[in-house]
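Just below is one structure, and these are the notes that go with it.
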Amino acid sequence: MSDSDITLKEEELVEQEFQALLNDYSQSIHRQKVEIIIKAYHFAKQAHKGVRRRSGEPYIMHPLAVARIVIKEIGLGSTSICAALLHDVVEDTDYTVEDISNLFGPKIASIVDGLTKISGGVFGAQASEQAENFRKLLLTMSEDIRVILIKIADRLHNMRTLEFQPVEKQYKIAGETQYIYAPLAHRLGLFNIKTELENLSFKYEHPETYAEIEQKLLLSKEAQLASFEEFAAPIRQKLTDMGYEFYLSERIKSVYSIWRKMQTKNIPFEDIYDLLAVRIIFTPKPDMSEKDQCWMIYSALTGIYKPHPERIRDWISTPKANGYEALHVTVMGNNGQWVEVQIRTQRMHEIAEKGLAAHWKYKTGVADETELDKWLRSIKDILEHPEPSAVDFLDTFKLNLFASEIFVFTPTGEIKTMPQGSTALDFAFMLHSELGLSCIGAKVNHKLEPLTYVLKGGDQVEVLTSQQQQPQQEWLDYVTTAKAKSALKAFFRGEDRKYIRKGEDMYAHILKKHNLMEQQEAVLHRTMRFYNAQQPRQLMLQIGKGIISEEELEKVVLPKRKSSWRRFIPFISNTNEQTDDNLVTDNNPETTDIPVSNKKQLVLTEENIGSKYHIAACCHPIPGDEVLGYCDSEGNITIHKRNCPKADFLKSSDGKNIYSAIWETHRQNTFIDTIELRGIDRVGIIIKVINIISQDFKINIHDLHISAEGGIFNGIIQMYVYDTTELQQLCDAIRKIQEIQSVQRISNI
């Protein structure tokens, strides 16, 4: 095939994709502004002419795909479609935001500008600059939610085409997606997109495990669908008799969700019984409220199947913070398995599929404050006191992406949404920062409780304050919400500034007293060296707090009193004391060169483990585990499991220093790992287990702990194994003992 034939074929593919976009738009509820979409398409196509993606396809295919996600999967209109088509133009070509504004108007230009600021990920090579860009994105987002929605669509398409990226880049992008974008999609109510982002991240971080679970799901799919049809038949009949227009759909648990449950519960795939969930989606009758009709259908359903008394979730009376509404009930099916049923109206289903953001007030004109409005307002509160450190800022923001909520009440009965795990102190800060700073405790359900009290759903909370109260550093350990942490750190930074000013005044007084003002720079450097201070502000803080006395400082400052000894004060890095000076050093090319091979492929052998590469203490990987390497600023390389939470954070905040790693060990060295046993307590059962470990497998036991109660025993055994294959073979052998109910490797993460 000639080059001209290839170009012609590609032109046809591009045109087909654009026509599919127009078709998606024509079937939407939006005003038909086709002309501006055509104009944006031709402009973007010309701007990206001759440029190709790593997959080899014309670059314009990416903006087209993002635009289709924006209209079809999120439900936005022409402004968002145009911004999606143009989102890479400013970043990748010579066109400017002003050019976009002149051609397409200030609104589209503003969205494109917001998207350009976070191109390439949450944090690029220059962390402090990228953190500021991320703050600007959030400020833009709080005014126009479409910025982050289009960014999520962009990330979704990048994840769908991640196979064309090198392995180490896959880890970085997948880790960043799992750490920030999937929770963000969930927070905005984009449940389908959130699930796909999680699945794709998991697929690239754990390809073998993903393939194994996917295969098992495929094999069980036919049985699951047959079970669904049998379960749904009497429900269909009952709803038809009630005169409802409705449809039932099944929802199979995602691969990632199954894996998470296997990890947290320490159970195999075969022991997961809630793979199937059923949705009842109905059109409500006009003469009755949606809420009443949902409960009527609930009553009809529980007349057919017996409900689980502790597994009813009423998200209709109090919707989730992301706008989700539904009535969840778990019932016992005819086959003896629990099945979750979700009851929704058509309106609730649309919000659940496309998110509350799809009904944002820029489109509807509705001025009523939604839960999303409240969340965006809380983002503004965080931005008023941003973290100086890029990484801390990201971590604080992520705290606000809570997935699980509880509802608590004020003394007047007003309902408030809080993240699960919030304390009484968090609640005080949620009401107002001044209340939090002066909080001394709380009355929870009319009973006095401390600041550290963890709130439960339904609690009624009255905050107690005192003008004499002064926030303490340990409060940072008590709070879990982003707003509370942000307000406390801002307060402590303010207090530190007072001490710094006091220290500067004391230091200047000494220099003036001894006529050293003309030599102040040299004296300052000498004093900082003496106290091992990295920055002037650290020195002044210690002086202001009285840790360095005026008399002692005077001896150090005066040259004639120069001492032969040095005093070292441990100036520990503290997020409350960091400034832009700290961040500038992160951007120094001299500190970011990493002394490893350009191939970014670490081969782990008996010879280099422990010398060249170090095993992470947080997750203790062993040969056979899916791993990656992280290289710090000093060139030290640590090996983490790919699913280690610390590794997830590193992938998001310092992805350029993540390396793919493979094991090439030959069963020369052993590694400590742990298994958990559970079974029937019989005389001699432990002897059987130990015989298999010590005699059959010749494995050395490091630690053994057994407990028994009510005829059931639990055992934790630490042992020295060569790799995961040997560990799996051992577990399989122990499972063959009749009394053993379960054997699982315990994750150290």
Contact list for residues 67-79, test salt bridge (charged side-chain N to carboxylate O under 4.0 Å, His left out), sequence neighbours left out: E17-R68, D24-R68, E73-R160
Aromatic F104 / basic K39 pairing, under 6.0 angstrom, 45° off normal: yes
N334, N335, L275, V339 screened by side chain to side chain contact (heavy atoms under 4.5 Å, CB included) with S227, the one that passes: N335
Heavy atoms from other residues, nucleotides or ligands near CD of E12 exceed 12 (cutoff 6.0 Å): yes
Minimal non-hydrogen separation, Y305 against M332, with atom names: CD2-O, 3.4 Å
side-chain contact (heavy atoms from CB on, under 4.5 Å) partners of A153, counting only residues at least two apart: V66, I69, V70, I74
Heavy-atom neighbours of E163 CD exceed 12 at 6.0 Å: yes
Y324 ring center near F191 ring center (under 6.0 Å): yes
Sequence neighbours excluded, every pair satisfying salt bridge (charged side-chain N to carboxylate O under 4.0 Å, His left out) that has a member inside residues 242-253: K253-D274
Pairs involving residues 282-297, ordered by first then second residue, that meet side-chain hydrogen bond (donor to acceptor under 3.5 Å, both in side chains) (sequence neighbours left out): Y244-Q293, S289-D292, E290-R347, K291-S317
Side chains of Q741 and R678, donor plus acceptor under 3.5 Å: no
Pair Y210 and Y204, ring centroids less than 6.0 Å apart: no
Euclidean distance, E196 CD relative to S254 OG, rounded to 0.5 Å: 11.0 Å
Derivation and outcome, side chain to side chain contact (heavy atoms under 4.5 Å, CB included), residues H206 and R642: CA-CA 7 Å; H206 307 278; R642 288 187 210 161; 3.6 Å; yes
Test applied, side chain to side chain contact (heavy atoms under 4.5 Å, CB included); reference residue, L86; option that passes from I111, V112, I81: V112
Audit row: L301, V341, side chain to side chain contact (heavy atoms under 4.5 Å, CB included) steps and yes/no: CA-CA 9 Å; L301 174 67; V341 181; 3.8 Å; yes
Side-chain donor-acceptor contacts of residues 53-60 below 3.5 Å, not counting sequence neighbours, with atom names and distances?
from, atom 1, to, atom 2, distance (Å)
R53, NH1, T161, OG1, 3.3
R53, NH2, N158, OD1, 3.2
R54, NE, Q165, OE1, 3.1
Y59, OH, D88, OD2, 2.5

For residues 229-238, please give each side-chain donor-acceptor pair under 3.5 Å, one per line with the distance, not counting sequence neighbours.
from, atom 1, to, atom 2, distance (Å)
E229, OE1, R236, NH1, 3.4
Q237, NE2, D241, OD1, 3.1

